[in-house]
*Asks:* 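Okay, handing you the structure first.
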Amino acid sequence: MLEADKGPGATLDGSGLRVAIVQARFNAGVTNGLRDACLGELAALGVQSENIAHHTVPGALEVPLALRWLAHRGEYDALIALGCVIRGETYHFELVANESSAGITRVGLDLDIPIANAILTTENLPQATVRQIEKGRDAARVAVEMALLKHRLK
Ligand SMILES: Nc1c(NC[C@H](O)[C@H](O)[C@H](O)CO)[nH]c(=O)[nH]c1=O
Ligand SMILES: CC(=O)[C@@H](O)COP(=O)(O)O
């Protein structure tokens with residue numbers, strides 16, 4: 001009998017989950033907004049505050065390594081990456097945006113752990129500012145949904 005996938009509209013119950021957040025401090029005005037929105041949504045989904053770890057790193061390029069360290073602990077059901085990369089005048093934007101994203105994906109696949117990537121990559125600060133709340137909330141929902149899916153499938 002095919003088990004119907006309830007899809008994203010299903011009620012997500014994160015009450016038994018353990019989640020860790022890695023936040024880049026670069027563009028902290030935005031990443032703090034991402035953090036606050038993410039924490040609020042995790043609470044709304046039932047994730048208990050004592051089951052949420054939060055760590056900061058200097059910038060988006062340092063996020064993958066911190067995620068790897070946390071994944072190796074084997075203590076978390078999902079990880080969340082928060083950051084904000086804003087284009088400047090040089091190629092550095094592409095390097096930071098692309099390498100941080102590729103590193104995050106690699107950690108998730110190599111260490112078999114769901115990682116919600118909410119590292120914003122925008123052309124300017126206004127684009128990031130208007131997206132911080134939605135993207136922070138989305139990251140929380142993705143982390144909870146994928147952690148629950150992993151428990152169902154593995
Ligand atoms: N320009 C941005 C950076 N740059 C810093 C790098 O992430 C890294 O910390 C540095 O290259 C040392 O390894 N980081 C961001 O998160 N956002 C940016 O816009
Ligand atoms: C994304 C960045 O690294 C950015 O802050 C760098 O700005 P610039 O390219 O003008 O040095």
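Side chains included, hydrogens not; waters and symmetry mates left out as well; all remaining heavy atoms used.
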*Asks:* Stepwise, does the side-chain contact (heavy atoms from CB on, under 4.5 Å) test hold for L17 with H151?
*Replies:* CA-CA 10 Å; L17 298 179; H151 283 305; 4.0 Å; yes

*Asks:* So L42 and I80, do their side chains get closer than 4.5 Å, heavy atoms only?
*Replies:*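 Side chain of I80 against side chain of L42, heavy atoms only: contact under 4.5 Å found.
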
*Asks:* How long is the gap from CG on L79 to CG on L70, to the nearest 0.5 Å?
*Replies:*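 Atom-to-atom, L79:CG and L70:CG are 6.0 Å apart.
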
*Asks:* Mind checking the CG-CG spacing from N27 to N32? Nearest 0.5 Å is all I need.
*Replies:*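 Going from the CG atom of N27 to the CG atom of N32 covers 10.5 Å.
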
*Asks:* If you compare all heavy atoms of V142 against all heavy atoms of A116, which two are closest, and at what distance to 0.1 Å?
*Replies:*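 Heavy-atom minimum between the residues: CG1-CB, 3.9 Å.
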
*Asks:* Looking at every non-hydrogen atom in both residues, tell me the closest pair between I104 and A81 and how far apart they are.
*Replies:*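 Nearest pair, atom of I104 first, then A81: CD1-CB, 3.7 Å.
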
*Asks:* Could you state whether V130 and V85 fall into the same hydrophobic cluster, counting links through intermediate Ile, Leu, Val, Met, Phe, Trp or Tyr residues with side-chain heavy atoms under 4.5 angstrom apart?
*Replies:*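 No, V130 and V85 fall in different hydrophobic clusters.
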
*Asks:* What heavy-atom pair brings A60 and S100 nearest, and what distance separates the two atoms?
*Replies:*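 Smallest heavy-atom distance, with atoms named: O-CB, 3.3 Å.
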
*Asks:* Roughly how far, to the nearest 0.5 Å, is OG1 of T121 from CZ of R131?
*Replies:*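 That separation rounds to 9.5 Å.
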
*Asks:* Taking L34 as the starting point, is it possible to reach V144 by hopping between hydrophobic residues whose side chains are less than 4.5 Å apart?
*Replies:*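 Hydrophobic grouping puts V144 with L34.
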
*Asks:* Considering residues, nucleotides and ligands other than I133, do more than 12 of their heavy atoms fall under 6.0 Å from its CD1?
*Replies:*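 No, CD1 of I133 has 12 or fewer neighbouring heavy atoms, counting only those of other groups under 6.0 Å.
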
*Asks:* Tell me the closest heavy-atom pair linking G29 and Q132, and the distance in Å.
*Replies:*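 Reported closest heavy-atom pair: O-OE1, 3.6 Å.
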
*Asks:* For the pair L111 and H72, evaluate side-chain contact (heavy atoms from CB on, under 4.5 Å) and give the outcome as yes or no after the intermediate values.
*Replies:* CA-CA 7 Å; L111 297 177; H72 267 298; 3.8 Å; yes

*Asks:* With no hydrogens and no angle check, is any side-chain donor or acceptor of S101 less than 3.5 Å from a backbone partner on A97?
*Replies:*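 No: the side chain of S101 does not pair with the backbone of A97.
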
*Asks:* Do we see a donor-acceptor contact under 3.5 Å between the side chains of Q23 and T56?
*Replies:*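 No, because no side-chain N or O of Q23 sits under 3.5 Å from a partner of the opposite role on T56.
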
*Asks:* With the 4.5 Å side-chain cut-off for hydrophobic clustering, are V107 and L61 part of the same group?
*Replies:*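 Yes.
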
*Asks:* With rounding to the nearest 0.5 angstrom, report the CZ to CD1 distance, R68 to I115.
*Replies:*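 That separation rounds to 10.5 Å.
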
*Asks:* If I compare all heavy atoms of A118 with all of A139, which pair ends up nearest, and what's the gap?
*Replies:*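 Nearest pair, atom of A118 first, then A139: CB-CB, 3.7 Å.
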
*Asks:* May I have the step-by-step check of side-chain contact (heavy atoms from CB on, under 4.5 Å) for V63 and I119, ending in yes or no?
*Replies:* CA-CA 9 Å; V63 169; I119 294 186; 4.2 Å; yes

*Asks:* Look up atom CZ in R137 and atom SG in C38, then write down how far apart they are to the nearest 0.5 Å.
*Replies:*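 So the gap between those two atoms works out to 11.5 Å.
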
*Asks:* With heavy-atom distances below 4.5 Å as the criterion, would you say the side chains of L65 and V57 are in contact?
*Replies:*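 No, too far: nothing below the 4.5 Å cut-off.
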
*Asks:* Grab the two heavy atoms, one from A24 and one from G83, that are nearest each other, plus how far apart they are.
*Replies:*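 Result for this residue pair: CB-CA, 4.1 Å.
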
*Asks:* Taking the side chain from E99 and the backbone from V96, do they hold a donor-acceptor pair closer than 3.5 Å?
*Replies:*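 Not a single qualifying donor-acceptor pair exists.
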
*Asks:* May I ask whether I113 and L149 are part of the same hydrophobic cluster, defined by side-chain heavy atoms of I, L, V, M, F, W, Y residues being less than 4.5 angstrom apart, directly or through others?
*Replies:*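 Unlinked, I113 and L149 end up in two clusters.
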
*Asks:* To the nearest 0.5 angstrom, please state how far the CG atom of L148 sits from the NZ atom of K150.
*Replies:*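 Rounded to the nearest 0.5 Å, the CG-NZ separation comes out at 12.0 Å.
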
*Asks:* Do Y76 and V19 come within less than 4.5 Å of each other through their side chains, counting heavy atoms only?
*Replies:*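 SC-SC contact between Y76 and V19 ruled out.
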
*Asks:* Between R141 and E41, is there a salt bridge with N-O shorter than 4.0 Å?
*Replies:*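 Answer for the salt bridge query: yes.
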
*Asks:* Taking D77 for the side chain and R18 for the main chain, is one N or O donor matched with an acceptor at less than 3.5 Å?
*Replies:*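 A pair under 3.5 Å: yes.
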
*Asks:* Hey, quick one: are V30 and L39 part of the same hydrophobic cluster, counting side-chain heavy atoms closer than 4.5 Å, chains of contacts allowed?
*Replies:*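 Same cluster: V30 reaches L39 through Ile, Leu, Val, Met, Phe, Trp or Tyr contacts under 4.5 Å.
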
*Asks:* Begin from the C-alpha positions of K135 and L120 and carry the test side-chain contact (heavy atoms from CB on, under 4.5 Å) through to its verdict.
*Replies:* CA-CA 8 Å; K135 300 297 187 183; L120 308 186; 3.4 Å; yes

*Asks:* If only atom types and distance count, is the side chain of T122 paired as donor or acceptor with the main-chain N or O of Q127 below 3.5 Å?
*Replies:*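 Not confirmed, T122 side chain does not pair with Q127 backbone.
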
